[in-house]
Amino acid sequence: MKILAVSDEVVERLYSLSNSGHFHDVELIIGCGDLPYPYLENLITFLNVPLMYVPGNHDPNFNPSQTLAYAEGGSNLDLKLIRFKRFLIGGFGGCIRYRPDGTNQYTQTEAYWRAFSLLPRLLLNRLNYGRALDILITHSPPFGIHDEESQAHQGLKAINWLIRITKPRYHFHGHTHFQRRNLSPSETTSGQTKIVNIYPYKVIEVTH
Ligand SMILES: [Zn+2]
């Protein structure tokens with residue numbers, strides 16, 4: 001299955017690429033956060049395939065009754081697990097807390113509690129399908145992988161934990177890579193998981 005994943009920065013060129021059929025075999029759009037919802041909605045319109053996304057720290061609190069607080073036609077996957085074309089997909093929004101009043105920001109401990117809340121459903125996946133997760137979508141990178149020293153760009157340890165216990169084949173994230181985009185890798189393999197920094201977009205073929 002081919003995926004168009006987007007994160008953190010609007011790339012207007014994707015509109016013309018979509019129009020010219022460049023993404024004709026893409027079956028799913030994934031949003032890793034910090035993107036204006038109209039951008040995501042435009043991509044849905046152009047490609048006419050489902051969108052799954054997680055909110056970032058620059059996104060508003062999810063609110064289905066406010067037009068600008070969700071992506072119409074898309075599924076907010078924050079703390080949700082779904083099955084799509086036989087892929088088990090899970091989402092985990094937000095990043096490390098660096099402002100007391102920040103939206104979608106969590107301390108390392110708060111992030112752990114959020115991750116723990118997924119446990120019963122992850123176990124159910126393992127019982128039903130023999131594995132917990134195929135694709136993990138987050139806004140933040142894991143701690144120590146693709147993250148940065150600055151408080152706002154430190155990764156979440158709860159994501160390392162999620163990867164360790166669920167062993168997904170793929171982990172897609174955003175949030176970092178603004179300053180050092182050419183110096184650090186955007187793909188890292190940890191165990192059996194391929195960790196990919198999506199910023200600002202990537203086309204990825206995922207397999208079972
Ligand atoms: Zn961010």
Side-chain angles (χ1 to χ4, degrees), residues 3 5 7-8 28 30-35 52-63 70 74-84 87-177 187-199 206:
I3 291 175
S7 190
D8 293 274
L28 174 67
I30 283 178
C32 291
D34 281 356
L35 284 170
M52 295 168 196
Y53 68 96
V54 291
N57 49 301
H58 296 297
D59 295 321
N61 269 326
F62 179 66
N63 182 350
Y70 72 104
S75 311
N76 180 344
L77 267 201
D78 192 19
L79 295 189
K80 295 210 170 64
L81 304 182
I82 64 156
R83 189 163 178 257
F84 178 75
F87 285 94
L88 305 173
I89 307 177
F92 190 90
C95 73
I96 188 80
R97 178 168 292 291
Y98 59 92
R99 275 190 9 212
D101 58 344
T103 308
N104 298 318
Q105 297 179 15
Y106 309 99
T107 64
Q108 296 286 6
T109 309
E110 286 166 345
Y112 269 118
W113 283 110
R114 279 166 50 82
F116 293 160
S117 76
L118 288 168
L119 261 180
R121 283 166 293 154
L122 290 168
L123 281 172
L124 213 56
N125 267 357
R126 187 157 285 166
L127 285 175
N128 287 334
Y129 306 110
R131 60 201 196 280
L133 216 53
D134 297 314
I135 304 173
L136 173 65
I137 306 170
T138 70
H139 178 58
S140 167
F143 184 80
I145 299 174
H146 306 167
D147 67 347
E148 291 168 17
E149 305 269 296
S150 65
Q151 172 67 18
H153 294 103
Q154 197 180 93
L156 289 174
K157 295 175 183 173
I159 296 175
N160 304 60
W161 178 79
L162 268 178
I163 291 173
R164 217 165 36 243
I165 65 150
T166 63
K167 301 180 173 53
R169 293 191 71 155
Y170 307 92
H171 169 223
F172 303 142
H173 72 85
H175 190 56
T176 48
H177 264 233
E187 273 190 37
T188 299
T189 302
S190 170
Q192 57 198 68
T193 306
K194 185 192 254 194
I195 301 172
V196 185
N197 187 338
I198 296 304
Y199 168 79
V206 294

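We count residues from 1, following the sequence as given. Every heavy atom of this structure was used, including side-chain atoms; hydrogens, water molecules and symmetry mates were not.
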Does the plane of the ring in H153 sit parallel, tilted or perpendicular to the ring in H175? Use 30° and 60° as the thresholds.
tilted
Using every non-hydrogen atom in the two residues, find where P55 and D78 come nearest and quote the distance to one decimal.
CD-CB, 3.7 Å
Between the side chain of Q151 and the main-chain N/O of R99, is any donor-acceptor distance below 3.5 Å?
no
Hey, does the side chain of D34 reach the backbone of H58 with a donor-acceptor pair shorter than 3.5 angstrom?
yes
4.5 Å side-chain heavy-atom contact, C32 and T138
no
CG/L123 to CZ/R121 distance, rounded to the nearest 0.5 angstrom?
11.5 Å
To the nearest 0.5 Å, tell me how far T176 OG1 sits from D8 CG.
7.5 Å
Between OG1 of T188 and CD1 of I195, what distance do you get to the nearest 0.5 Å?
6.0 Å
Closest heavy-atom pair and its distance - Q105, Y98
OE1-N, 3.1 Å
Do L28 and I89 have side chains that approach each other closer than 4.5 Å (heavy atoms only, starting at C-beta)?
yes
Between Y170 and F172, what is the ring plane arrangement, given parallel below 30°, perpendicular above 60°, and tilted in between?
tilted
Check this for me: K80, atom NZ, are more than 12 non-hydrogen atoms of other residues, nucleotides or ligands nearer than 6.0 Å?
yes
Side chain proximity check, Q154 to Q108, heavy atoms < 4.5 angstrom:
yes
I need the F84 CZ to I3 CD1 distance, nearest 0.5 Å.
8.5 Å
For the residue pair I159 and S140, establish whether any side-chain heavy-atom pair is separated by less than 4.5 Å.
yes
Given the rule in the side chain to side chain contact (heavy atoms under 4.5 Å, CB included) test, do R131 and R126 qualify, once you have shown the distances and angles that lead to the verdict?
CA-CA 4 Å; R131 60 201 196 280; R126 187 157 285 166; 5.6 Å; no
Residue pair H139 / N104, side-chain donor-acceptor N/O under 3.5 Å:
no
Show me the donor-acceptor pairs within less than 3.5 Å that the side chains of residues 162-169 make with the rest of the protein, sequence neighbours left out.
unit_1	atom_1	unit_2	atom_2	d
T166	OG1	L162	O	2.6
K167	NZ	R164	O	3.2
R169	NH1	H208	O	2.5

Minimal heavy-atom distance between G33 and S7, with the atoms involved, is O-OG, 3.7 Å
Would a 4.5 Å heavy-atom cut-off, applied to side chains only, mark F92 and L79 as touching?
yes
H173: what forms a side chain to side chain donor-acceptor pair (under 3.5 Å) with it, not counting sequence neighbours?
H146
Testing L118, L81, T193 one by one against L133 for a side-chain contact (heavy atoms from CB on, under 4.5 Å), which residue passes?
L81
Work out which heavy atom in R114 is nearest to a heavy atom in S117; give both atom names and the distance.
O-OG, 2.6 Å
Check step by step if ring-ring contact (aromatic ring centres under 6.0 Å, His included) holds for F116 and W161.
CA-CA 10 Å; F116 293 160; W161 178 79; 4.9 Å; yes
About how many Å separate CE of M52 and CD1 of I135, when rounded to the nearest 0.5 Å?
8.5 Å
When every non-hydrogen atom of G90 is compared with those of L77, the smallest separation belongs to C-CD1, 4.4 Å
Point-to-point distance, once rounded to the nearest 0.5 Å, from OG1 of T107 to CG of L156:
9.0 Å
Compare all side-chain heavy atoms of H171 with those of V196 and state whether any distance is below 4.5 angstrom.
no
Which atoms form the tightest heavy-atom contact between D147 and P141, and what is the distance?
CB-CG, 3.8 Å
